[in-house]
S.K.: 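Okay, handing you the structure first.
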Amino acid sequence: MSVTLTHGTEASNKPPVPTPPQNEYPVHLTFSDGREVWVSAPKPDRISLIAPLTPAHFIPKPTGEKQFVELIKGLSSSLAMKEGSTGLVDTQFSPKEKLYDKIWRTAGDRDAGVFIQFIRPKNGKKPQPWKLRLEFNPRKVGPVGLKALTDELSYAKTFRIYRFLADCRLTRLDVAVDFIGVAISEVIASVSLPGKRTFYVGDDGSLETTQFHRNNPPPKQAYSPAGKPKKVPRSSDPLGPVVAKLYDRVKERAAVLQPAPFGPAPVTRAEIVKRWNGGGPKLVQLDGHKNLLLDFQAGYASHQAPTDLNEWRTYVAARRVTSKAETNKAMKLSVPKAILLSRHYDHPCSTLLLHEELWSHWPSGLAATGLDYWIALATQAPLITFEGGQA
């Protein structure tokens, strides 16, 4: 879909015009200064899945706990072998349990990493069953790699992978969107419930990555029985979890000696990070999931300049490294001008990340990674029969 946005006349140095495939970059934007930007369909960029392991996941179904545990150990040993349709990188073996509880494999044309973890049962007030956790990047693994991983996990067709996938819930999902034709320094962004931000600058002084964090709960002061305040422990994660990020795809590719995605054209990637602790959606719900882009706003800064363009660019650059008050003082802004610029900086119009338009292409992003294949397997699980009855 081609969208034309107008907002007065602005001067800008236009980057080279790329020619991205329309099926992967369905949204084409033309801004008021003539800047053209192509926006990709959103794709799953990282996924973490977990589900309990039960006797019903194996064929034939084990008759007792001992046989069930032996089947789990057999599955872990199979995945820890070098031979297979995917590559083996490393393993972690527990001699006491005689179990490979952590396995790192590779899959797909890009040899993308796949992490496999067997989690032993836990006793206590809330007993936990055996669990199997998978984590990988669907975009890098790709359709071919995902089918190879399916074969590997099937354990010579004795592990009902389709039934396991039907039981899987997400604990993490990263969604990636690429903007071709706009540099990261030209993107202004914000998140809902903003916290700290981290900026990474390259050797040449240019911005390469921006990360948006969610604030951790504030520390609480504890007191001794005598009423004296105890030392507040330092947080192991003072920045808070990352909820979104922007980074320079050209610099990222150059760091691993790979060519730029579209030659000299700038490319910025936005990633939205979603995490769930026990209450995540099931894999089968991913296709029709609610819009996961809504909490992140990203716009082309030069398009929405509320004042003189050079003044606005200076304000944006200053706010990335100094406080609002310090920026206002350094730029000698009047109160009305300071309020105007602050409003546009803190709450930018999402002129690049068009939430509803882009989310309508989410199914094609799932298909491009092959994740739709796993969703189809999970959806069909109740219809797949096996020796002895219905799945």
Side-chain angles (χ1 to χ4, degrees), residues 47-108 113-124 126-136 138 141 145-171 278 280 282-284 370-371 373-391:
I47 191 169
S48 182
L49 300 164
I50 193 168
L53 286 174
T54 70
H57 287 129
F58 292 91
I59 304 173
K61 188 176 180 180
T63 56
E65 181 66 18
K66 182 178 180 180
Q67 189 180 25
F68 172 52
V69 173
E70 288 303 317
L71 286 172
I72 293 176
K73 292 180 179 179
L75 175 59
S76 77
S77 297
S78 172
L79 291 168
M81 294 173 60
K82 291 185 179 180
E83 297 79 8
S85 52
T86 63
L88 180 66
V89 178
D90 199 2
T91 62
Q92 176 177 291
F93 183 72
S94 172
K96 181 180 179 181
E97 302 288 342
K98 296 181 180 180
L99 170 79
Y100 290 93
D101 51 5
K102 294 181 180 178
I103 302 161
W104 293 265
R105 300 195 71 92
T106 60
V114 178
F115 177 63
I116 304 168
Q117 181 181 17
F118 290 87
I119 303 173
R120 290 179 288 275
K122 294 181 180 178
N123 297 320
K126 294 183 178 181
Q128 297 294 316
W130 280 94
K131 293 179 182 178
L132 176 59
R133 186 168 81 90
L134 307 172
E135 186 168 319
F136 57 93
V141 170
L146 209 58
K147 289 187 178 180
L149 183 59
T150 305
D151 292 339
E152 206 77 74
L153 290 167
S154 295
Y155 190 24
K157 298 184 178 180
T158 61
F159 181 65
R160 298 166 63 199
I161 179 64
Y162 45 87
R163 182 65 265 170
F164 169 77
L165 293 175
D167 295 335
C168 274
R169 288 189 178 275
L170 278 69
T171 59
K282 284 196 169 186
L283 178 65
V284 292
L371 205 56
Y373 172 65
W374 269 17
I375 294 173
L377 285 181
T379 303
Q380 297 167 11
L383 305 177
I384 301 176
T385 59
F386 67 100
E387 183 181 355
Q390 193 78 4

S.K.: Would you say the side chain of Pro55 lies within less than 4.5 Å of the side chain of Pro62, judging by non-hydrogen atoms?
M.R.: yes
S.K.: Centres of the Phe115 and Phe136 rings: under 6.0 Å?
M.R.: no
S.K.: CG/Leu132 to CG/Leu49 distance, rounded to the nearest 0.5 angstrom?
M.R.: 9.5 Å
S.K.: To the nearest 0.5 Å, what is the distance between CD1 on Ile50 and NZ on Lys131?
M.R.: 5.0 Å
S.K.: Side chains of Leu134 and Trp374: does their closest heavy-atom pair fall under 4.5 Å?
M.R.: yes
S.K.: I'd like to check Arg105 versus Leu149 (side-chain heavy atoms, cut-off strictly below 4.5 Å). Are they in contact?
M.R.: no
S.K.: Please find out if less than 6.0 Å separates the ring center of Tyr100 from that of Phe118.
M.R.: no
S.K.: Measure the CD1-CZ distance between Ile116 and Arg133 for me, rounded to the nearest 0.5 Å.
M.R.: 11.0 Å
S.K.: Less than 4.5 Å apart, side chain to side chain, heavy atoms only: is that true for Thr106 and Thr86?
M.R.: no
S.K.: Without hydrogens or angle criteria, can the side chains of Trp104 and Thr91 be said to hold a donor-acceptor pair below 3.5 Å?
M.R.: no
S.K.: Quick one: are Arg120 and Asp101 in side-chain contact, heavy atoms under 4.5 Å?
M.R.: yes
S.K.: Using side-chain heavy atoms (C-beta onward) and a distance below 4.5 Å, is Phe164 in contact with Leu153?
M.R.: no
S.K.: Please tell me if the side chains of Tyr162 and Thr150 come closer than 4.5 Å, counting only heavy atoms from C-beta onward.
M.R.: no
S.K.: Would you say the side chain of Asp167 lies within less than 4.5 Å of the side chain of Leu283, judging by non-hydrogen atoms?
M.R.: no
S.K.: Parallel under 30°, tilted from 30 to 60°, perpendicular over 60°: which one fits the rings of Phe68 and Phe58?
M.R.: perpendicular
S.K.: Assess the residue pair Trp130 and Ile72 against the criterion (side-chain contact (heavy atoms from CB on, under 4.5 Å)); give the C-alpha distance rounded to whole Å, side-chain angles, the decisive distance to 0.1 Å, and a yes or no.
M.R.: CA-CA 9 Å; Trp130 280 94; Ile72 293 176; 3.6 Å; yes
S.K.: For the backbone of Gly280 and the side chain of Arg169, can you confirm whether one donor and one acceptor N or O come within less than 3.5 Å of each other?
M.R.: yes
